Every structure is written in structure tokens, then in C-alpha cells.
Amino acid sequence: MKPALPMLLACACLASAGCDLSRTPTFDDKHVLHGDVAQGRALVANGRFGCAACHAIPGVDSPKGVAGPPLHGMASRAFIAGQLPNKPDVLVGFLRDPPAFVASTGMPNVGLTAGQARDIAAYLYTLEGVNEP
Ligand code: HEC
């Protein structure tokens, strides 16, 4: 009779909406589905989108611009742009089209594809500490 209880729990769980036995997403879940960290870092570093022209970004060389906030500690911030919940889907969306999320934002739409935004978000979520160079 041992397997009966887990089976029962699984059935009850499957019957309730939004229940996933294998994984419990939390506010701190910073995993970006299909995001490629190395690719994201390369996209930020190659200068094509001007990220580093406006932001100081750990792991990416100058110009370490100051038009936007430094991006260290993105993994541990509670908010994006001071007001959006810092969750993977929100970050990806914001990166693709910041004014669509925060009308008054100083960050322009730099023309990222969905895939590029996911890769960059995955990279940004590797930035933990506030004291990174
Ligand atoms: C023209 C300057 C500019 C460019 C280019 C730019 N940003 Fe920004 N970015 C900003 C500004 C200004 C803000 C602050 C937005 C706000 O608070 O409304 C911002 C905010 C952000 C935030 C939220 C940070 C936080 O603390 O909430 C992230 C993440 C970000 N930018 C990433 C990027 C990435 C990645 C790129 C390149 C793909 C990029 N930015 C390109 C100016 C820029």
C-alpha cells in the first residue's frame, strides 16, 4: 500500500490548477527558460545594443556609462526600473520594450529579439553581488 499516498497526492495536485509537483516557483526564481548565459554576455559586450554605453555592467568592459543604473546585483533586486517585480518574464519583456512597461523610462527599445532578450536576462541573473567590478 506504500505507493498509494503519493499517488493520491499527485492526483489531487494535478486536479488543482497551477500545481506542479516537480518545481515550486518562488519570487526568487531567476531561471530564464531557454536563456543562454554566454550568448547573453556576448550580446551585451559586443556593443551593438549600447547596453554598456548607458550601464556599468560587471564582466563587461567600458565605457561603463552612467545614463542608466549599474546592473550589478540584478539577481537579487526586488524591482526592475524601481517598480516592476523582478521576475524572468518581466525582465525579458522589459528588455525587449522598456517603454511598454514603464512609460516614462529613460531606457529605449534597442530592438532585441525575444531570444536575445532571454539570453541577456539569463546573463543578468548571474550578477549577484553589489560589489562586483
Ligand atoms: C540610452 C541608454 C540605455 C541603453 C542603450 C540601455 N539602457 Fe538599460 N536602462 C537605461 C535607463 C535610463 C534605465 C532606468 C530605467 C528606469 O528606471 O525607468 C535602464 C534600466 C535597465 C534595467 C533595469 C535596471 C534596474 O535597476 O531596474 C536593465 C536590466 C537594463 N536597463 C538593461 C539594459 C540592457 C541589457 C541593455 C542593452 C540591451 C540596455 N539596458 C540598454 C538606459 C539604457
Side-chain angles (χ1 to χ4, degrees):
M1 285 304 283
K2 260 197 170 154
L5 184 59
M7 276 299 288
L8 260 177
L9 286 176
C11 292
C13 179
L14 289 174
S16 70
C19 179
D20 180 348
L21 274 183
S22 61
R23 185 165 169 271
T24 314
T26 67
F27 188 70
D28 290 329
D29 191 345
K30 297 296 193 295
H31 178 74
V32 181
L33 205 61
H34 306 304
D36 180 328
V37 171
Q39 185 63 25
R41 190 190 168 286
L43 287 166
V44 167
N46 76 12
R48 191 169 135 206
F49 300 108
C51 314
C54 288
H55 295 281
I57 308 171
V60 175
D61 280 344
S62 27
K64 297 205 190 308
V66 293
L71 298 184
H72 57 62
M74 274 313 295
S76 42
R77 287 182 204 200
F79 297 105
I80 299 163
Q83 51 188 302
L84 305 167
N86 187 7
K87 296 193 286 192
D89 289 355
V90 180
L91 181 58
V92 170
F94 175 83
L95 289 172
R96 281 204 76 187
D97 190 0
F101 283 75
V102 180
S104 62
T105 188
M107 173 149 161
N109 181 337
V110 296
L112 297 175
T113 65
Q116 287 169 333
R118 279 197 300 269
D119 292 346
I120 290 176
Y123 170 62
L124 292 177
Y125 280 148
T126 66
L127 306 178
E128 299 271 359
V130 287
N131 293 318
E132 285 158 304

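None of the values given here were measured: they were computed from a predicted structure. Every number for a ligand or one of its atoms is a count from 1 in the order of the listing.
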Can you find a pair of side-chain heavy atoms, one from [X] and one from [Y], that are under 4.5 Å apart?
X     : Y     : value
Ile57 : Cys51 : yes
Phe79 : Asn86 : no
His55 : Pro70 : no

What are the atoms of ligand 1, with element, lying closer than 4.0 Å to any heavy atom of [X]?
X      : answer
Gly50  : 5 (C)
Leu124 : 29 (C)
Ala67  : 12 (C)
Ile80  : 23 (C), 27 (O)
Phe49  : 5 (C), 38 (C)
Ile120 : 35 (C)

Report task. Taking all non-hydrogen atoms of both residues into account, name the closest pair between Asn46 and Arg48 and its distance. Result -> OD1-N, 2.8 Å
Query raised in the report: If every non-hydrogen atom of Tyr125 is compared with every non-hydrogen atom of Val32, which pair is closest and at what distance?
Result: CD1-CG2, 3.7 Å
Query - Any donor-acceptor pair under 3.5 Å from Asp36 side chain to Asp119 backbone - result: no
Query raised in the report: Is a donor on one side and an acceptor on the other found under 3.5 Å between the side chain of Arg77 and the backbone of Gly82?
Result: no
When the side chains of residues 91-112 are checked against the rest of the protein, which donor-acceptor pairs come out under 3.5 Å, sequence neighbours left out?
{"unit_1": "Arg96", "atom_1": "NE", "unit_2": "Leu112", "atom_2": "O", "d": "3.3"}
{"unit_1": "Thr105", "atom_1": "OG1", "unit_2": "Met107", "atom_2": "N", "d": "3.2"}
{"unit_1": "Asn109", "atom_1": "OD1", "unit_2": "Gly111", "atom_2": "N", "d": "2.8"}
{"unit_1": "Asn109", "atom_1": "ND2", "unit_2": "Arg96", "atom_2": "O", "d": "3.3"}

**Report entry** atom 8 (Fe) of ligand 1: protein N, O or S atoms [distance under 2.8 Å]
**Finding:** His55 NE2, Met107 SD
Report task. Kindly compute the distance separating CD (Gln39) from CZ (Arg41), expressed to the nearest 0.5 Å. Result -> 11.5 Å
Report task. First locate atom NZ of Lys87, then atom NZ of Lys30, and finally report the distance between them rounded to the nearest 0.5 Å. Result -> 10.0 Å
Query raised in the report: Which residue and non-hydrogen atom of the protein lie closest to atom 22 (C) of ligand 1, and at what distance in Å?
Result: Phe94 CE2, 3.6 Å
Query raised in the report: For atom 26 (O) of ligand 1, what's the nearest protein heavy atom and its distance?
Result: Arg77 NH1, 2.2 Å
Query raised in the report: Using heavy atoms and a threshold below 4.0 Å, how should the contact between Ala53 and ligand 1 be classified: side chain, backbone, both, or neither?
Result: neither
Report task. Report the member of Leu112, Val110, Thr105 with the shortest heavy-atom distance to atom 18 (O) of ligand 1. Result -> Thr105
Query raised in the report: Within the structure, does Ala81 bring an N/O atom to less than 3.5 angstrom of an N/O atom in ligand 1?
Result: yes
